[in-house]
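For reference, the structure is listed below as structure tokens.
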Amino acid sequence: MSRDDATTNETAESIDTSPLDPADPDATPAVVAARSEGEPPDTAEIRDLAAAAGYAVVGEVTQRRREDPTYDLGRGKAEELMRLAADAGAEAVIYDGGLSPGQTFSLGDLLPSGTAVIDRPRLALELFADAADSRAADRQLELARLRYELPRLREAVARDASEDVRLQPEGDSRVLDVEKRIESAERALDEIADDRAARRAERRDAGLDLVALAGYTNAGKSTLARRLADEVDDPEFGDGGGPRDADRDDNGEGEPADRDGPLAVADRPFETLSTTTRRATVGGRRALLTDTVGFLDGLPHESVRSFRTTIDAIRAADCAVLVVDASDDRADLRRKLTASLSAIEATDGPVIPVLSKADEVGADGLAAAVEAYEDAVADLDPRDAPVVDALRPPVPVSVRDGTGLADLADAVADALPTATATVEAPNGGAAQAALSWAYDRGVVAGVDYGSETVAVELAGRPDVVAEAERRFADAPSS
Ligand SMILES: Nc1nc2c(ncn2[C@@H]2O[C@H](COP(=O)(O)OP(=O)(O)OP(=O)(O)O)[C@@H](O)[C@H]2O)c(=O)[nH]1
Ligand SMILES: [Mg+2]
């Protein structure tokens, strides 16, 4: 698959999502480099990301040591990397970690001229740039990219400036320009976020519960969303997805109703790049289910913050479902879970962890995943990730064979804010109007007609139940 192919707007089913063939003539040859202090570096994930972004990995250099201020790697290893890149004809070095602007430049100076230095955050940006599929995704990508570029531009200007005070980064016109563009992108995103918040309030007033699916990239969020969603979409609510229209106004409103993004599923990172919302009936509750963009380990906080529609949808949900891939090994499960919980930070509502792909592991594997999950959560400091206090017990689920779906529905229904009340009103036009109002908002659990009265059992969102009670109480007695 060429990189251009990845930008088409076909649905997931028709996109070839197989990992890039290393022999692909369009792929850019690249060497992967990784350093870690503890365990030997595991390059499986960075290789997958590189392949998905259109690189063919032609070599690898890894090192166990503490960070070197100049190259991140030690000098000897950096020189080995330089030789390998030259011998292998690499056009890029993919660095599994975040490099400071200074380290990026130092490595670039050391490497054969023209070799791009791409650290993990930049690789993630490239993956997004390949596939951003809605205006909100575009905006967020732009902001993330500008925030990434700014310190590097400052470094470049400072390097050029040396002694010349007039060329210091603070006053440089390119730096000022990027700063201005960041402000403007932030303002545009604020508007989109305000608009989403207003829509969330409207949907809640209409009696709908807001459920968000969160988790690491490729965890199985969209697959679960598809399984839980009713046939009817709620196209006004998500980022939109579908083909983008550059000429449209950019206030984040008014994605055309027929442009809802497909709930694309694929075994590749960042298949979903826009939040997408569908209606779903979960545990008898009428919900709006938002599928979100997956998290990735090793991105700076600022970059994660740029994906604001995802973070907001998760934090503001009445209940978030955190999808954790049970088929990962212990170390990956912990790393991805920690990255996801740190990115979420805190939520307004409870969080139900789902151990997904249960069909891929046996009973022992599932028990091991539960244990790995619980150990990882126990090691997290709630001061760093207050969301740990919102976690409910984990629910193993397989969409493939249906395992745990009923348990998940029960857990969601149980986690949603609920009030119950029984009201009785004289049967008549006013009571019927109140009843129809309550039916519209999905809070009628039972109706009992007496000779002159109607008794209604209400259950559902507390604010909506309270309003229904008021309406019945106001029904005139004759
Ligand atoms: N065996 C098995 N595979 C699953 C299950 N659920 C999802 N998968 C596979 O996991 C891969 C990722 O699924 P997605 O639903 O696209 O994952 P996602 O979390 O939405 O990923 P991003 O949008 O990239 O963040 C796909 O190949 C799915 O077919 C499951 O229950 N069992
Ligand atoms: Mg997805």
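All values below come from the heavy atoms of this structure, side chains included, with hydrogens, waters and symmetry mates left out. Here the structure is a predicted model, which is why all the values come from computation and not from measurement. Remember, it's 1-based here, ligands and their atoms both numbered in the order they're listed.
Annotation: the span from Leu416 atom CG to Arg286 atom CZ amounts to 13.0 Å, rounded to 0.5 Å.
Look at Lys180 and Glu183 and you find no salt bridge, because none of the NZ, NE, NH1 or NH2 atoms lies under 4.0 Å from a carboxylate O. Between Arg147 and Glu186, at least one side-chain nitrogen of the basic residue sits less than 4.0 Å from a carboxylate oxygen of the acidic one, meeting the salt-bridge criterion. Between Asp328 and Lys336, at least one side-chain N (NZ, or NE/NH1/NH2) sits under 4.0 Å from a carboxylate O, which counts as a salt bridge. Taking 4.0 Å as the cut-off between side-chain N and carboxylate O, Asp332 and Arg335 count as a salt-bridged pair.
At a 4.0 Å heavy-atom cut-off, ligand 1 does not touch Ser327 at all. Of all the heavy atoms of Glu360, the ones lying under 4.0 Å from any atom of ligand 1 belong exclusively to the side chain.
Glu271 places no side-chain N or O within 3.5 Å of a backbone atom of Asn218 that could act as its donor or acceptor partner.
Within the 2.8 Å limit, Thr223 places no N, O or S atom next to the Mg ion (ligand 2). Backbone or side-chain N, O or S atoms of Thr217 do not reach the Mg ion (ligand 2) at under 2.8 Å.
Residue Phe270 has at least one N or O atom closer than 3.5 Å to an N or O atom of ligand 1. On a distance-only criterion, Gly220 and ligand 1 share at least one N/O pair closer than 3.5 Å. Taking any N or O of Lys357, backbone or side chain, at least one lies under 3.5 Å from an N or O belonging to ligand 1. In terms of N/O distances under 3.5 Å, ligand 1 is not approached by Val293.
Looking only at heavy atoms of the protein, atom 6 (N) of ligand 1 is closest to Thr223 CG2, 3.5 Å. Of the protein's non-hydrogen atoms, the one nearest atom 3 (N) of ligand 1 is Arg400 NH2, 3.5 Å.
Within a 6.0 Å radius of CG in Asp379, other residues, nucleotides and ligands contribute more than 12 heavy atoms.
Nearest residue to atom 16 (O) of ligand 1 from Ala219, Ala52, Gly404, Ala266 is Ala266 (criterion: closest heavy atom).
Of the candidates Arg47, Arg35, Arg120, Arg120 is the only one forming a side-chain hydrogen bond (donor to acceptor under 3.5 Å, both in side chains) with Asp96.
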